[in-house]
**Q** 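Handing you this structure, nothing more for now.
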Amino acid sequence: MRDPEDELKALEAAGLRRRLRRLESPQDAQVSLAGSGKCLNFSSNDYLGLANSETLKAAFQKHLETYGVGSGASRLVCGTMSPHLELEEILAGLKKSEAALTFGSGFATATGILPALCGKDDFLILDKLCHASLIDGARLSGATMRVFPHNDLNKLRDHLSWARSKATRESRILVVTESIFSMDGDRAPLREIVGIKEEFGAILLVDEAHAFGVFGPQGRGLSAELGLESGIELQMGTFSKALGLSGGYVCADQATIDLILNRARSFIYSTAPSPALTATISNAISLVAGVEGDRRRARLWSNIRTFSDEAESAIIPLVIGENEAALNASEKLLAAGFLAPAIRYPTVPRGTARLRFTFSASHRQEDVTALKKTLARLEFD
Ligand SMILES: *Cc1c(COP(=O)(O)O)cnc(C)c1O
């Protein structure tokens with residue numbers, strides 16, 4: 001039998017071994033890292049600086065008193081409490097959909113909904129750079145899967161035309177993409193994708209994980225910014241990024257949501273998220289959708305612009321190439337007081353290891369300027 005030690009050595013030799021780092025402070029713009037001390041954090045997805053927000057901490061404490069810490073069971077047994085239904089109602093309103101369903105994480109959302117909606121007679125067409133959770137969900141579904149090169153609309157059209165020729169009358173054809181891509185920070189051409197899927201009578205799932213809270217009026221996402229909500233059958237996302245908490249959601253018409261709650265295994269066979277956490281997510285949404293959200297988005301965008309004139313989102317990659325080189329670059333940066341871990345295969349394609357900088361409303365402008373100056377000074381090889 002294979003020895004796990006040998007497999008770890010092989011990962012190490014390829015520059016692919018991963019290790020946990022211990023933060024000894026709350027998640028924030030500045031964190032304290034075991035062994036390295038204080039550093040400026042340019043690697044979290046806490047885009048609006050809410051993970052350690054005083055407002056949300058106070059709300060969480062209040063909800064703990066009201067609802068307790070645990071939900072005790074899965075949603076369909078006896079774990080559905082008022083906060084879960086209230087959150088789903090708020091989400092459906094915000095996303096202009098009939099209904100919504102929440103999950104323990106974004107990952108569980110993706111791996112739950114794709115197999116719930118698609119099976120062996122169906123077709124799933126995904127962008128090449130879709131998140132691991134979408135790929136795993138697609139694989140689990142047993143549907144015929146086709147991948148198009150990142151944002152390549154001609155290839156998407158080819159796959160759709162092929163799927164149409166193979167589909168029966170009952171087949172579902174589902175296109176899957178993200179609005180803001182997690183490792184490159186670029187956008188999908190959503191308007192064009194909506195047009196194309198309609199031509200072929202397909203439906204569309206858009207994962208707004210990195211756009212919810214950051215784009216659109218009230219932070220409602222890129223779909224809202226482009227006025228496309230009614231053209232997107234499945235809007236999914238997470239509370240784990242700009243909302244600073246954790247959990248995932250999908251918004252769709254009522255029948256689709258009812259079907260998902262009857263079929264999604266990650267929903268059915270998993271304990272409902274903590275009611276106190278869930279109620280706090282509703283507070284986070286109100287905050288993000290209100291004037292405080294606007295203020296934080298303005299600070300976030302000002303920080304992004306201080307770093308780059310061209311960035312399309314709060315995610316800015318610096319592609320280095322080889323794993324070792326990316327690891328060395330990350331270590332040099334850490335020694336200079338900046339946390340930005342190397343992102344390697346299989347999170348990104350081979351040969352494109354990178355530093356992935358993420359910006360937050362909680363960074364001060366001088367933090368961003370300091371990062372920029374340090375990057376200009378350091379030599380990465
Ligand atoms: C982070 C992410 C997820 C997973 O969300 P979690 O709530 O962290 O499990 C899903 N999709 C995309 C595109 C993501 O970036």
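First listed ligand is number 1; within each ligand, the first listed atom is number 1. Values in this document were obtained by computation on a predicted structure and should not be read as measured data.
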**Q** Is the closest side-chain donor-acceptor distance between Arg18 and Thr347 under 3.5 Å?
**A**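 Thr347 and Arg18 do have a side-chain donor-acceptor pair below 3.5 Å.
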
**Q** Between the protein and ligand 1, which nitrogen or oxygen pairs come in under 3.5 Å, and how far apart is each?
**A**
from     : atom 1 : to     : atom 2 : distance (Å)
ligand 1 : 7 (O)  : Gly106 : N      : 2.8
ligand 1 : 7 (O)  : Thr238 : OG1    : 3.4
ligand 1 : 7 (O)  : Ser240 : OG     : 2.4
ligand 1 : 9 (O)  : Gly106 : N      : 3.1
ligand 1 : 9 (O)  : Phe107 : N      : 2.9
ligand 1 : 11 (N) : Asp207 : OD2    : 2.6
ligand 1 : 15 (O) : His210 : NE2    : 2.6
ligand 1 : 15 (O) : Lys241 : NZ     : 2.7

**Q** Got a sec: does the CD of Glu65 have more than 12 other heavy atoms crowding it under 6.0 Å?
**A**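 Atom CD in Glu65 is not crowded, with 12 or fewer foreign heavy atoms closer than 6.0 Å.
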
**Q** Would you say the ring centers of Phe123 and His159 fall short of 6.0 Å from each other?
**A**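 No - the distance between ring centres of Phe123 and His159 does not fall below the 6.0 Å cut-off.
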
**Q** I'd like to know whether the aromatic ring centres of Trp301 and Phe215 sit less than 6.0 Å apart in this structure.
**A**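 Between Phe215 and Trp301, which both carry aromatic rings, the centre distance is below 6.0 Å.
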
**Q** Pick from Arg297, His210, Arg296: which one makes a side-chain hydrogen bond (donor to acceptor under 3.5 Å, both in side chains) with Tyr47?
**A**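 Of the listed options, the one satisfying the test is His210.
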
**Q** Just wondering, more than 12 heavy atoms not from Arg263 lying within 6.0 Å of its CZ?
**A**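 No.
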
